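Please read the structure below before turning to the comments.
One is the number of the first residue; the rest follow in order along the sequence. Just so you know, these numbers come straight off a predicted model, no measurement behind them. For ligands, and for the atoms within them, numbers begin at 1 and follow the listed sequence.
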Amino acid sequence: MIMDGNGRWATAHGLSRSAGHEAGLRTAREIVEAAVREQVGTLTLYAFSSDNWKRPTAEVTALMRLFRRAMLGEAKRCLENGVRLTILGRRDRLPASLRQTVDQVESLTASCTRMHLRVAVDYSARDAILRAAAAVRGEVISREHFTELLARVDQDDIPAREVDLVVRTGGEQRLSDFLLWECAYAELLFVEKMWPEFDADDLAEAMADFRSRNRRYGLAPEQVAS
Ligand code: FPP
């Protein structure tokens, strides 16, 4: 999920950008619950890209506080619902208090298996690919091996799986450095609604749309049909 449009939604409603992110958090909660009901295996929420550090300091600080509050607030509910919560991305630049909370929530929910919720924070697919490529040292390796290296650079202990579906709200049609390697054959869905307006019905619609897609992975249509 590329959760775009909090700022524009807030401006359109005469609210501050922070209020937009608060509304975005409420949507994130609703979508996590809906995804569990829809039997999604792994849900990745793109919360903060490495390029988002360039935003005004006040907005970045407010977002880091919101992430910490969200993690603390959701830990118990994740545990009760069998949701494993981890973050994806660089950890070394996060505020120490957030890192500590992340460590706690990750250990608390480590044995949950109903759904894996990954929150991408300080995440850049290109930086992750560069770091994984540095570990290859000129060797020729398989796609599978590279996928594992990629997961390791972001401490994602489940090897990054192929992404099935990317949903981006907010009307823009781009990936913005999100899971570029893992999205090689992902189905893409761009939604006009701003993230705070997206709801469980929209998720169900997105999943129905996904199920209607014809995924060929480079094969000819008749090969897939047989
Ligand atoms: C993009 O909207 C949204 C963000 C950069 C922040 C996303 C964070 C949340 C939705 C809170 C969820 C938190 C957790 C822990 C899951 P934007 O600010 O780029 O909107 P704009 O394009 O309209 O300006």
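- For the residue pair Ala186 and Val166, the shortest heavy atom distance occurs at CB-CG2, 4.2 Å.
- For Trp195, no nitrogen or oxygen atom sits less than 3.5 Å from a nitrogen or oxygen atom of ligand 1, counting backbone and side chain alike.
- Between Glu74 and Arg77, at least one side-chain N (NZ, or NE/NH1/NH2) sits under 4.0 Å from a carboxylate O, which counts as a salt bridge.
- Polar contact with ligand 1: present for Arg8 (N/O pair, distance under 3.5 Å).
- The protein heavy atom nearest to atom 14 (C) of ligand 1 is Leu25 CD1, 4.1 Å.
- Put simply, no part of Gly170 is less than 4.0 Å from ligand 1, judged by heavy atoms.
- Panel note: side chain Thr109, backbone Leu85; a donor-acceptor pair is recorded below 3.5 Å.
- When the heavy-atom distances from atom 2 (O) of ligand 1 to Val119, Asn6, Val121 are ranked, the shortest goes to Asn6.
- In this structure a side-chain-to-backbone donor-acceptor pair under 3.5 Å is missing from Arg17 to Glu59.
- If you number the atoms of ligand 1 from 1 as listed, the ones under 4.0 Å from a heavy atom of Ala70 come out as 15 (C).
- Distances from ligand 1 to the non-hydrogen atoms of Met71 include no value under 4.0 Å.
- Under a 4.0 Å criterion applied to the non-hydrogen atoms of Gly24, ligand 1 contributes the atoms 10 (C).
- On a distance-only criterion, Gly7 and ligand 1 share at least one N/O pair closer than 3.5 Å.
- With a 4.0 Å cut-off on non-hydrogen atoms, Glu74 does not touch ligand 1 at all.
- Of the possible donor and acceptor atoms, none in the side chain of Asn81 sits under 3.5 Å from a partner among the backbone N and O of Val83.
- The backbone N or O of Val60 lies less than 3.5 Å from no partner atom in the side chain of Asn52, so there is not a single donor-acceptor pair.
- When hydrogens are left out, the protein atom nearest atom 1 (C) of ligand 1 is Met3 O, 3.2 Å; that is the closest non-hydrogen contact.
- Close N/O approach between Arg55 and ligand 1 is found [any backbone or side-chain N/O within under 3.5 Å].
- Residue Arg17 has at least one heavy-atom neighbour below 4.0 Å for each of these atoms of ligand 1: 17 (P), 18 (O), 24 (O).
- Here's the thing with Asp4: one of its N/O atoms is less than 3.5 angstrom from an N/O atom of ligand 1.
- One finds no salt bridge joining Glu197 and Arg8 here, because no Lys/Arg side-chain nitrogen approaches an Asp/Glu carboxylate oxygen to under 4.0 Å.
- Side chain of Arg91 to backbone of Arg99: no donor-acceptor contact under 3.5 angstrom is found.
- Although no hydrogens or angles enter the test, the distance criterion places no donor-acceptor pair under 3.5 Å between the side chain of Arg90 and the main chain of Ser50.
- The aromatic rings of Tyr46 and Phe178 sit parallel to each other, their planes meeting at less than 30°, with 60° as the upper class boundary.
- In terms of protein heavy-atom proximity, atom 6 (C) of ligand 1 is nearest to Ala47 O, 3.3 Å.
- Heavy-atom contacts of Leu66 reach the following atoms of ligand 1: 11 (C) (cutoff under 4.0 Å).
- Here is the list of ligand 1 atoms found below 4.0 Å of a heavy atom in Leu45: 16 (C).
- Under the 3.5 Å distance criterion, the side-chain polar atoms of Glu30 are matched with a main-chain donor or acceptor of Ala200.
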